[in-house]
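For the numbers below, each heavy atom of this structure counts, side chains included, while hydrogens, waters and symmetry mates do not.
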Amino acid sequence: MALTKAEEQVMKYLWKLEKSFFKELKAEFPDPKPATTTINTLLKRLIDKGVVDYKLYGNSREYFPLISKNDYFSNHVNGLIKNFFNNSVEQFASFFTKEVDISNEDLKKLRDIVDKKLKKKSND
C-alpha cells in the first residue's frame, strides 16, 4: 500500500497521538495549517485505503491508525528492495553502504546488529 507524502504526514500525527479527534489532529500541523477540507479529504482517503478508522461519539469522530508505524515502514522498505533492488537485500545493502555517508562507528553498529540477528537465527 502506497501513501502520498500528505497522507504519510497525517499518519505521522496519528501514530504520535495513537487516537485523535479532528481538532487535536489539526493542532499537530505546523502553521500555516492546511484547510479543514484538505485534512478531511486525506482522512477519507486513508480510511478508504484501510489504514485509518474512527469511532463515532455523537457527531464527533475519533480517528486511529489500523497499521503501526513499524509495519508501514517495514512494508515500504520491503517494497523498495523488491522494486528497486531486484528483491536483493545484498544489492540494497551495497547501495546503502556506498551511497549514504555512514561513519565507521555507525558501520560497526550495523555489523553488530547483523551479528546479533545471525546469532539469534542460529539459536532458533
Side-chain angles (χ1 to χ4, degrees):
M1 139 233 8
L3 301 180
T4 66
K5 291 287 181 199
E7 291 167 344
E8 282 183 359
Q9 186 177 25
V10 172
M11 290 303 296
K12 181 176 93 171
Y13 299 138
L14 282 175
W15 284 320
K16 176 184 169 189
L17 297 168
E18 295 181 10
K19 55 185 178 179
S20 172
F21 289 98
F22 184 85
K23 185 176 179 180
E24 299 162 331
L25 181 62
K26 187 172 182 178
E28 290 293 315
F29 284 85
D31 290 325
K33 297 189 184 311
T36 298
T37 53
T38 301
I39 299 171
N40 277 325
T41 298
L42 291 168
L43 285 167
K44 177 164 180 6
R45 290 192 333 211
L46 290 166
I47 291 166
D48 291 345
K49 289 182 177 185
V51 295
V52 169
D53 204 354
Y54 62 88
K55 208 181 246 188
L56 205 52
Y57 296 95
N59 292 331
S60 298
R61 293 178 179 187
E62 184 179 45
Y63 297 94
F64 54 91
L66 293 174
I67 185 170
S68 72
K69 184 177 182 180
N70 191 56
D71 286 346
Y72 173 72
F73 284 104
S74 177
N75 289 337
H76 197 64
V77 170
N78 285 327
L80 285 172
I81 292 169
K82 181 180 179 184
N83 295 321
F84 293 100
F85 298 99
N86 300 317
N87 213 22
S88 168
V89 174
E90 182 181 352
Q91 284 182 20
F92 171 73
S94 176
F95 172 84
F96 180 75
T97 56
K98 288 178 186 174
E99 300 300 326
V100 177
D101 187 22
I102 306 173
S103 69
N104 283 345
E105 183 180 325
D106 285 339
L107 283 170
K108 288 176 185 174
K109 288 177 186 175
L110 284 172
R111 182 179 58 203
D112 289 344
I113 291 167
V114 170
D115 288 344
K116 285 177 186 174
K117 185 68 172 179
L118 285 169
K119 186 176 181 179
K120 185 178 181 210
K121 282 196 173 235
S122 68
N123 290 336
D124 288 347

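In this structure, Asp101 CG and Ser103 OG are separated by 8.0 Å, a value rounded to the nearest 0.5 Å. Remark: Phe73 CZ to Glu8 CD distance equals 5.0 Å, nearest 0.5 Å.
Taking all atoms of both residues into account, the shortest heavy-atom contact from Thr97 to Ser94 is OG1-O, 3.2 Å. When every heavy atom of Asn40 is checked against every heavy atom of Tyr63, the shortest pair comes out as OD1-OH, 4.4 Å. The heavy-atom pair separating Lys49 from Thr4 by the smallest distance is NZ-N, 4.5 Å. Gly58 and Leu56 get closest at one heavy-atom pair: O-CG, 3.5 Å. Listed here is the closest heavy atom pair of Glu24 and Lys19: OE1-O, 4.4 Å.
Considering only heavy atoms from C-beta on, Phe64 stays 4.5 Å or farther from Leu14 through its side chain. Annotation: side chain of Met11 is in contact with side chain of Ile67 (closest heavy-atom distance under 4.5 Å).
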Tabulate below the donor-acceptor pairs under 3.5 Å that side-chain atoms of residues 80-89 make, not counting sequence neighbours, or state none.
unit_1: Asn83; atom_1: ND2; unit_2: Gly79; atom_2: O; d: 3.1
unit_1: Ser88; atom_1: OG; unit_2: Glu90; atom_2: N; d: 3.4
unit_1: Ser88; atom_1: OG; unit_2: Gln91; atom_2: N; d: 3.0

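For the side-chain contact (heavy atoms from CB on, under 4.5 Å) test with Val10, the passing option among Val51, Leu25, Val52 is Leu25; the others fail.
Ion pair Asp124/Lys120 not flagged as a salt bridge, since none of the NZ, NE, NH1 or NH2 atoms sits closer than 4.0 Å to an Asp/Glu carboxylate oxygen.
Around atom CG of Asp31, more than 12 heavy atoms belonging to other residues, nucleotides or ligands sit under 6.0 Å away. Within a 6.0 Å sphere centred on NZ of Lys33, heavy atoms belonging to other residues, nucleotides or ligands number more than 12.
Every ring-ring contact (aromatic ring centres under 6.0 Å, His included) that Tyr13 has, sequence neighbours left out, goes to Phe29.
Within the structure, ring pair (Phe, Tyr, Trp, His ring centres under 6.0 Å) pairs that include any residue of residues 101-124 do not occur (at least two apart or interchain).
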